[in-house]
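Note on naming: letters A, B, ... go to the chains in the order of the sequence lines (proteins, then strands), and numbering restarts at 1 for each one.
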There are 2 protein chains.
Amino acid sequence: MSDNEHTTVRIVDIARMAGVSVATVDRVIHNRGKVSEENLARINEVLRRVDYRPNLIARSLASGRRYTLCAVMPRFDPGEYWADFEAGIARAEAEAVRYNVTVRRFCFDQYDRSSFESLLETLRREEFDGAVIATLFAEMVEPFTRELDARGVPYVFVDSDIPACNRLAYFGTSSFDAGAVAARLLFDRLDPGADIVVGRIVHRGDAGSNQWRNREAGFRSYLEAHAFRGRLHYAALRLDDEACNGRVLDEMFRENPSIAGAVTFNSTCYILAGYLAARRRDGVRLVGYDVIRRNGEMLSAGVVTALVAQRPEAQGYRAVMALCEWLVEGRAPSKVNNMPIDILLKENIPYYKNNII
Amino acid sequence: MSDNEHTTVRIVDIARMAGVSVATVDRVIHNRGKVSEENLARINEVLRRVDYRPNLIARSLASGRRYTLCAVMPRFDPGEYWADFEAGIARAEAEAVRYNVTVRRFCFDQYDRSSFESLLETLRREEFDGAVIATLFAEMVEPFTRELDARGVPYVFVDSDIPACNRLAYFGTSSFDAGAVAARLLFDRLDPGADIVVGRIVHRGDAGSNQWRNREAGFRSYLEAHAFRGRLHYAALRLDDEACNGRVLDEMFRENPSIAGAVTFNSTCYILAGYLAARRRDGVRLVGYDVIRRNGEMLSAGVVTALVAQRPEAQGYRAVMALCEWLVEGRAPSKVNNMPIDILLKENIPYYKNNII
DNA sequence: CTGAAAGCGCTTACAG
DNA sequence: CTGAAAGCGCTTACAG
């Protein structure tokens, strides 16, 4: 007692000070009720006075409480955008095992909205304590979150935000400003009168994502503000049809010889890059998004001028961690977390993936 | 026993399987010796077979082991480079309290080598379990680390690496390549024949840091590789003497009217920026390093063309975490961790500090 | 509404 | 060289 050199105050200390047992203190700390007005007030007073900080390690060890999260995200192959996102999820999961947290992946086909629909059907029958949701199909995410609200399950958005929803947090970039950054990178090195090709992937039944639209708006807004006088030409490209893309682009370049710039608003700029390299159109500046393997190679090769990136690993990591902190410690994250917009050139890309977190 | 649904195997389980007590298993796990050959072999075999993973939470709770780290770094005012670094240290510390880790800051004057010398004298009398060292005064760091080696104290370098030392890890950028990135950003928008001002801070007895020299070498190497034909002019500037700097630069610009670019290799480009803004020399492109407050303001204002940054918070954070993981879990980090080299323009700087980690 | 007691998985004296 | 027992700070039935 006399040589008690505890610097931290524990539940037993609180109990002693308030003249009750540890169980009663525990009830107050967790608002479990069943405590007399009098004890409640007294304990709360002590708690406040000593600025009690629970030892989360001990709590986790004692409670044995397990948390299951789900990550609702597009399926991916190695080297693709969502693979990086998943790496962030995995890293967070590795840290969170300490708190008995596990993350289940639920993947859909980002080019097929019905796959998302049926995934939601599956999720309706699953039990979980929190969710990370990639909001590619915003119209369907919104009603689903109403159900999660009703179930009292917290969820975090990534990719693009839907402010109308009751999300615990959002992690992603400002798509509009990421569009402006791409414009700056392209326009910096372009004659204001040059024309620009905008590569656009066409696939079954997708009207273009939120993100695509917002990036394009930011891009156009920058051009307008900087006296751009050229024209934008939209090229309808296909994911897996090089020959067809070649014909489309050949014609476009033939008809518009003043094209000197190119851009895509999703992560598929390697398609345009492949074309430019094949046709040896060195004079065309190309800017795109995301450091996926194929884009990175084209940047290093000097075919792509610049890439704009959004730290997918950080998005995955922080989304999971936000959920953990909320569930385990009751600590609420900031609602809107606009991540940095990264600029990659040939010179700095070798180091980009060295701080995956 | 029958409905034992433990998915994780604990020390008692190991003990039971090996037919010994938990204390003996503990001895083997921690190589404390005093175990018979026979038991040692048997227990190790079981450990291997079940792929035993200790519960670090329980370990930390039970051992009550405390770790003291020190961070040896330059003193700073708010908004300066090392303030960001310290923020990373603080964030890591907040996470590491779980493992009874605390970090003590030991600061020196980065413009005064004798202050570093006397700091080392202090450190010789201190007890600690690990150190993060900013290697600005490399010549003095090296002999000091021999002493740490002798004491068996692990240390991590930040800022610039000293490969000759026995460091646990290094976190920082490749200064050479960061120099090339600055050159690219400047040169991209410059006539190959234009002249460039290199701002250089002169202060008592500093011959220029490692980092400064390496960045300059990378910068020059890029220029050479890209047919730069202009000249570099070195301007000796002072930290706190605007009037003097003005005179120096006025003369330089008067004598060299073809100067169209400017660069600094440390975080003081706001000095040159202030001059360019005051004299309304809008035509001069300026590139510098580090997103400190004053630089960021000049970038947002359009006076600075681009900043090259090195994630000081991430350096601080990861340096501390590397030490924690090593001490607590015995997990060794990669030795050389070259951090990403970030590029900041007016358009993406607003979001840069949103993912401090 | 309340408290005594066991237990989370590991470590640490202590006695042999 | 070995093991029984207490304890880290918290939670959880359980009995009152």
From B:R75 atom CZ to B:F106 atom CZ, the distance as rounded to the nearest 0.5 Å: 13.0 Å
Spacing between A:R66 atom CZ and D:dT12 atom P, to the nearest angstrom: 13 Å
Length of the line joining B:I43:CD1 and D:dG3:C1', which is rounded to integer Å: 12 Å
Test: A:D51 and A:R49 ion pair at under 4.0 Å: no
Sidechain N-carboxylate O distance under 4.0 Å for B:R66, B:D129: no
Nucleotide D:dG9, atom P - distance to CD1 of A:I14 in whole Å: 13 Å
Sugar-phosphate, base or nothing in reach of A:V12, heavy atoms under 4.0 Å: nothing
Test: A:R167 and A:D161 ion pair at under 4.0 Å: yes
A:Y99 vs C:dC8: side-chain N/O to OP1/OP2 distance below 4.0 Å: no
Carboxylate-amine/guanidinium contact B:E45 B:R42, below 4.0 Å: no
Pairwise N/O distances under 3.5 Å, protein to nucleotides 13-16 of chain C:
none

N/O (side chain, A:S21) to phosphate O (OP1/OP2, C:dT2) under 4.0 Å: no
Position toward the 5' end of DNA chain D (nearest nucleotide), B:L40 or B:A58: B:L40
Partner nucleotide, any strand, of D:dC1 [Watson-Crick/G-U, under 3.5 Å]: C:dG16
Flag for B:D149-B:Y155: side-chain donor and acceptor within less than 3.5 Å: yes
d(CZ, A:R65; C1', C:dG7) in whole Å: 19 Å
Interatomic distance, B:L61 CG vs C:dG9 P [rounded to whole Å]: 12 Å
Interatomic distance where CG belongs to A:N100 and P belongs to C:dC8 [whole Å]: 13 Å
Ring center gap for A:F108 and A:F116 short of 6.0 angstrom: yes
Sugar-phosphate, base or nothing in reach of A:D26, heavy atoms under 4.0 Å: base
Selection: residues 29-37 of chain A, any non-hydrogen atom under 4.0 Å of DNA chain D: A:H30, A:R32
Under-4.0 Å side-chain N/O to phosphate OP1/OP2 contact, A:N39 with C:dT2: yes
Distance in Å, A:R318 CZ paired with A:N337 CG, rounded so as to fall on 0.5 Å steps: 5.0 Å
Electrostatic pair B:E93:B:R105 at N-O distance under 4.0 angstrom: yes
Presence of salt bridge, A:R151 and A:E147, under 4.0 angstrom: no
Whole-Å gap separating C1' (D:dG7) and CD1 (A:I11): 16 Å
Comparing A:R59 and B:V22 on DNA chain D - which has the more 5′ nearest nucleotide: B:V22
Below 4.0 Å: OP1/OP2 of C:dT11 and any side-chain N or O of B:S63: no
